[in-house]
Amino acid sequence: MRIVLFGPPGSGKGTQASLLKDKYKAAHISTGDTLREAVANQTEVGLRAKGYMEKGELVPDEVVIAIAKDKLASVGESGFILDGFPRTIAQAEALDVALAEIGRPLDSVVNLRVDDEELVKRLSGRRVCPSCGEPYHVDTKVPKVEDKCDKCGGDLIHRADDQAEAIRNRLKVYNNQTAPVLGYYDGKGILKNIDAVGQIAEIQNRIAEALGL
Ligand code: AMP
């Protein structure tokens, strides 16, 4: 499995990637998770990325391309699920070059489709465990103990970029800079559009079906 999980913020890329990774033994590569870790550790990359992320803007291409290449190099021969990368045409082109160099091109790009109203609802209610990355939601995935992660007991947070103003900006950025990447992959004949509204398991089945799994 060598795929990109594509879609606007809040479309469920992280949730679906995490299920696919366990089921099909593929590496989950999330540039967002790597960047958040860099911010928490105050690395050079983290310090550079922090301001962009808090405002819901894209981190410069050269920073995320370097991260993605590094992660891809570390997965070796195993399959991979890219989550949140590429987000610009320049990133998509750089990814193609990197994968061509190792002779492991993408199988498919899965586009998770959700309308804006539903996205705002999902993102504003989202909570996340900063320690293990497990996502929660105030209405649809409530932790057993209030504000504590079921998996590792960490304190759940409301991400700065899941606050109202940043959400609006992230959706604008998605429509302007990221959505054009869909045309790029459609032109290559590897784009699979999925209705990503419904139960998590139901959406997972739709993805598996689209991938012929
Ligand atoms: P995510 O968790 O994928 O929603 O990413 C959170 C934030 O990290 C985004 O709003 C961007 O600021 C940054 N980010 C993650 N992936 C990328 C990417 N491929 N290109 C640019 N910025 C990114």
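When a ligand or atom number is given, it counts from 1 through the structure's own listing order.
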> Which is closest to atom 14 (N) of ligand 1 in terms of heavy atoms, Val63, Thr31, Leu35?
Replying inline: Leu35

> For atom 21 (C) of ligand 1, which of Asp33, Val59, Leu123, Ile65 has the closest heavy atom?
Replying inline: Val59

> How far is atom 15 (C) of ligand 1 from its nearest protein heavy atom, and which residue and atom name does that atom have?
Replying inline: Arg87 NH1, 3.3 Å

>> Counting only heavy atoms not in Lys50 (residues, nucleotides, ligands), do more than 12 fall under 6.0 Å from its NZ?
In response: no

> What part of Glu54 sits under 4.0 Å from ligand 1 if we count only heavy atoms: the side chain, the backbone, both or neither?
Replying inline: neither

>> Minimum distance, heavy atoms only, to atom 2 (O) of ligand 1: which one of Met53, Lys50, Glu57, Arg36 is it?
In response: Arg36

>> Is it the case that over 12 heavy atoms from other parts of the model lie below 6.0 angstrom from the NZ atom of Lys192?
In response: yes

> With only distance considered, is Gly84 within less than 3.5 Å of ligand 1 through an N or O on each side?
Replying inline: yes

> Using 4.0 Å as the upper bound for N to carboxylate O, is an ion pair formed by Asp139 and Lys121?
Replying inline: no

> Side chain or backbone of Leu58 under 4.0 Å from ligand 1, or both, or neither, by non-hydrogen atoms?
Replying inline: both

> Can you get from Leu82 to Leu5 by hopping between Ile, Leu, Val, Met, Phe, Trp and Tyr side chains that sit under 4.5 Å apart?
Replying inline: no

> Can a salt bridge be assigned to the pair Arg206 and Glu202 using a cut-off of 4.0 Å between side-chain N and carboxylate O?
Replying inline: yes

> In terms of residue, atom name and distance, what is the protein heavy atom nearest to atom 20 (N) of ligand 1?
Replying inline: Gln91 NE2, 3.0 Å

>> Taking 4.0 angstrom as the limit and counting only heavy atoms of Arg170, give me the atoms of ligand 1 inside it, by number and element.
In response: 4 (O)

> Is the shortest distance from a Lys or Arg side-chain nitrogen in Asp162 or Arg127 to a carboxylate oxygen in the other one below 4.0 Å?
Replying inline: no

> So Lys141 and Glu134, side-chain contact (heavy atoms from CB on, under 4.5 Å) or not? Walk me through it.
Replying inline: CA-CA 11 Å; Lys141 193 180 170 209; Glu134 186 68 9; 2.7 Å; yes

